[in-house]
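Hydrogens, waters and symmetry mates are skipped; everything else that's a heavy atom, side chains included, is used. Small disclaimer: the values here were computed from a predicted structure and weren't measured.
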Amino acid sequence: MIDLNGSSNVAKQVVYLIVAAIGTGCLFQTPLMGMQAAMPQKDIATVTSTFGLVRQIGGTIGISASGSVYVSFLRRRLDDIQGFDASRIPNGQLINNVGSLHNIQPESVRVQVIGAYATSLSSIWLICTPLVGLAALLSFFVRGYSLKRGIVREQANGKPAANGGEGTTVHEKDVERAANGDETTPTKEHP
């Protein structure tokens, strides 16, 4: 996305957006599954909600910081364009009125303004790319966890039956205990 500019063709823009969408899509479930695998069964609900909260806060901060960088670079570039006065345009309108850029006259000014918008957008990626590289480097130090969970239940004869062996009938009381965080011996089934 760094090399997109005001004259980039639509195919290039679409391909870059597809690559970004695939990369972003892989970041939704994968970290959540890893975090759930690393936590005890009783803490999975808390971990899931905390993960969602941290993701939302991170997204909010990321969008706000990127928007500030974007507007800062955009203002600086628009001020350098002869025949275009952006000093009276509020920041919100600078960002939201992108669709009306094709109406700017004369054409030479319009090309410069669109170029300023595109270059300012690529500045965000110039700042975010090293941060993503640092995150990728730090990911090598994350501890691995197995996604397998072993459940031990008691058979009717009082001996443990591991991982779904015979005599592992689940009773409603067991489900209630698990929901309440009680990991005591399950109810025995008598023949």
Please check this pair: side chain of [X] against backbone of [Y], looking for a donor-acceptor N/O pair closer than 3.5 Å.
{"X": "R110", "Y": "Q105", "answer": "no"}
{"X": "S8", "Y": "N5", "answer": "yes"}
{"X": "S72", "Y": "S68", "answer": "no"}
{"X": "S49", "Y": "T46", "answer": "yes"}
{"X": "S139", "Y": "A136", "answer": "yes"}
{"X": "Q36", "Y": "T48", "answer": "no"}
{"X": "S122", "Y": "T119", "answer": "yes"}

Nearest-0.5 Å distance, [atom1] of residue [X] to [atom2] of residue [Y]:
{"X": "I124", "Y": "F73", "atom1": "CD1", "atom2": "CZ", "answer": "9.5 Å"}
{"X": "Y70", "Y": "I63", "atom1": "OH", "atom2": "CD1", "answer": "14.5 Å"}
{"X": "R77", "Y": "F84", "atom1": "CZ", "atom2": "CZ", "answer": "14.5 Å"}
{"X": "I89", "Y": "N97", "atom1": "CD1", "atom2": "CG", "answer": "8.0 Å"}
{"X": "T129", "Y": "L134", "atom1": "OG1", "atom2": "CG", "answer": "12.5 Å"}
{"X": "S108", "Y": "I81", "atom1": "OG", "atom2": "CD1", "answer": "10.0 Å"}

Linking I/L/V/M/F/W/Y whenever their side-chain heavy atoms sit closer than 4.5 Å, directly or via other members, would [X] and [Y] fall into one cluster?
{"X": "Y117", "Y": "I2", "value": "no"}
{"X": "L126", "Y": "L121", "value": "no"}
{"X": "I22", "Y": "V14", "value": "yes"}
{"X": "L101", "Y": "L4", "value": "no"}
{"X": "V19", "Y": "V132", "value": "no"}

Please give me the minimum heavy-atom distance between G83 and V109, naming the atom from each residue.
O-CG1, 4.3 Å
Answer yes or no: is there a side-chain heavy-atom contact under 4.5 Å between [X] and [Y]?
{"X": "N91", "Y": "L94", "value": "yes"}
{"X": "W125", "Y": "Y16", "value": "no"}
{"X": "L32", "Y": "Q29", "value": "yes"}
{"X": "P31", "Y": "F51", "value": "yes"}

Is it true that R76 and D79 have a side-chain N and a carboxylate O under 4.0 angstrom from each other?
no
Going by the side-chain contact (heavy atoms from CB on, under 4.5 Å) test, name the single residue among V98, N96, N103 that passes it with S100.
N103
